[in-house]
Amino acid sequence: MKTHKLIALLLAGLTALSLTGCSLARPEAEEPEQDRFAGLYMVYSPDGSRDEFYENPNLTELGSETVEAGGLGGIDVPRQVLPAQRDGEGEWTFPGLEGWALYCIEWLEDGVPTSAMVSDMADGSYHTTVADEGVTNELSGVLYIGPPEGAPADWTAYDMTGVWTPYFVYQTEDGQPYLDGSGAASSGGGIFSYRTEHTWTRTVDGETESVTVSAEARVEEVPRLAALTVRQYGADGLPLCSTDIPLDGTDRRTAWLDGAAWALVEEISVTGGVTRAAYDRPGPGEDPVTHPFVVLDERGLGTPLTLTLE
């Protein structure tokens, strides 16, 4: 057995939690000194194995860790991690491992503790509380699932065949995010939420303070869209035009017509269901209208997008 797979099995034994259909909390865990827990990276896979992490060619060594090997005692082995990289747009990604991020980075800027949230989940929320006891960073986000392509009409979220794995995101002292393959046990399809909370310490101006990071990822179900339509109306309520918005994400903007006073955005699902949202036309200097919607891929995994009326 490869060393990294032995480590994986040990970690899995320590985190044998069932997530399906409920909300779970993981108790605070002690991390090695070099680890600063930052949040979650949610990965969806057909079988829930961690091979896609351990077989990633982008892994690199970061120190070592001790593995207990029965009567042999502790054995020091190289610690394999997956560092995050910045893409051409300055966004953090974990190369070779598709997933959804929800974490915060802590660093010192001119001696002042600074933090930033990294998230590509929907409805991302980041709240920081500073108290005498220390700093608490609370993060939350939503992942969307729905019927895969060709799913029967009676499909439900619990028919999902793949599983989610919550990987723990850590950071080095200078704020470099990375994964080491650890995290919670995988969860099957369905609606669930996963929450975890960890605490680490840092020294600022000679004083030690605690930093607690709480991260919660929720999985929610949405219908598969067949069409997204914008209908504009005049002040007299008469229809002026109807515009179909591509669902491939290539064109998510449409312009107000002269004389338009309000608009109706219709989301039509493949099963025939319709949801509607009405928007008044903004006045001069006001922000444009934005309408959030979710597009599912062939697996039934959702990408949150935004339609803009300007």
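No experiment lies behind these values; they were computed from the predicted model shown.
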- Message: Holding to ring pair (Phe, Tyr, Trp, His ring centres under 6.0 Å), I want the full list of residues that pass it with Y103, two or more places apart in sequence or in another chain.
- Response: none
Any donor-acceptor pair under 3.5 Å linking the side chain of [X] with the backbone of [Y]?
{"X": "T229", "Y": "I245", "answer": "no"}
{"X": "Q232", "Y": "L257", "answer": "yes"}
{"X": "S119", "Y": "M121", "answer": "yes"}
{"X": "D280", "Y": "A261", "answer": "no"}

ILVMFWY network linking [X] to [Y], side-chain heavy atoms under 4.5 angstrom:
{"X": "L228", "Y": "L309", "value": "yes"}
{"X": "F293", "Y": "L296", "value": "no"}
{"X": "F53", "Y": "F94", "value": "yes"}
{"X": "L82", "Y": "Y54", "value": "yes"}
{"X": "L143", "Y": "I145", "value": "yes"}

- Message: Show the nearest heavy-atom pair for residues G259 and R281, with the distance to one decimal.
- Response: N-NH1, 4.1 Å
Rounded to the nearest 0.5 Å, how far apart are [atom1] of [X] and [atom2] of [Y]?
{"X": "M160", "Y": "W155", "atom1": "CE", "atom2": "CH2", "value": "5.5 Å"}
{"X": "T156", "Y": "D159", "atom1": "OG1", "atom2": "CG", "value": "4.0 Å"}
{"X": "E52", "Y": "L97", "atom1": "CD", "atom2": "CG", "value": "5.5 Å"}
{"X": "L102", "Y": "M42", "atom1": "CG", "atom2": "CE", "value": "9.0 Å"}
{"X": "D123", "Y": "S140", "atom1": "CG", "atom2": "OG", "value": "8.0 Å"}
{"X": "S242", "Y": "E266", "atom1": "OG", "atom2": "CD", "value": "7.5 Å"}

- Is there a donor in the side chain of T290 and an acceptor in the side chain of T308, or the other way round, less than 3.5 Å apart? no
- Task: Would you please say whether a donor-acceptor pair under 3.5 Å links the side chains of D87 and T93?
- Result: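 D87 vs T93: no donor-acceptor pair found between side chains.
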- Task: State, yes or no, whether a side-chain contact exists between V211 and N137 at a heavy-atom distance under 4.5 Å.
- Result: yes
- Message: Could you tell me if the side chain of P177 sits less than 4.5 Å from the side chain of W92, heavy atoms only?
- Response: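 Contact flag for W92/P177 side chains = yes.
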- Message: Surrounding CD of E207 (heavy atoms of other residues, nucleotides or ligands, distance under 6.0 Å), is the total greater than 12?
- Response: no
- Answer yes or no: does atom CG of D47 have more than 12 heavy-atom neighbours from other residues, nucleotides or ligands under 6.0 Å?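 It does: D47 CG has more than 12 such atoms within range.
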- Task: Take T129 and T136, measure what side chain to side chain donor-acceptor pair (under 3.5 Å) needs, and give me the verdict at the end.
- Result: CA-CA 5 Å; T129 302; T136 300; 5.8 Å; no
- Check against side chain to side chain contact (heavy atoms under 4.5 Å, CB included), L179 and Y41: CA-CA 8 Å; L179 306 175; Y41 191 66; 3.8 Å; yes
- Evaluate salt bridge (Lys or Arg N to Asp or Glu O under 4.0 Å) for R224 paired with E267, printing each intermediate quantity in order. CA-CA 10 Å; R224 176 173 289 274; E267 296 184 15; over 6 Å; no
- Task: Assess whether side chain to side chain contact (heavy atoms under 4.5 Å, CB included) is satisfied between V163 and S45, documenting all intermediate values.
- Result: CA-CA 6 Å; V163 297; S45 62; 4.0 Å; yes
- Message: Test side chain to side chain contact (heavy atoms under 4.5 Å, CB included) on W262 and L264; report intermediate values, then the result.
- Response: CA-CA 7 Å; W262 61 282; L264 194 67; 4.3 Å; yes
- Task: Step by step, work out the ring-ring contact (aromatic ring centres under 6.0 Å, His included) result for W100 and W164.
- Result: CA-CA 11 Å; W100 287 259; W164 290 97; 5.5 Å; yes
- Member of W200, Y178, F168 meeting the ring-ring contact (aromatic ring centres under 6.0 Å, His included) criterion with F37: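 For F37, the ring-ring contact (aromatic ring centres under 6.0 Å, His included) check succeeds only for F168.
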- Quick one: do T60 and V81 satisfy side chain to side chain contact (heavy atoms under 4.5 Å, CB included)? Show the steps, please. CA-CA 5 Å; T60 186; V81 304; 3.9 Å; yes
- Is a salt bridge present between E310 and R252, judged by a nitrogen-to-oxygen distance below 4.0 Å?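 No salt bridge links E310 with R252.
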- Quick one: do R231 and D244 make a salt bridge, cutoff under 4.0 Å? no
- Message: For D35, run the side chain to side chain donor-acceptor pair (under 3.5 Å) check against Q171, H198, R79 and tell me which one passes.
- Response: R79
- Query: Does R50 make a cation-pi contact with Y167, if we ask for NZ or CZ under 6.0 Å from the ring centre and within 45° of the axis?
  - Reply: yes
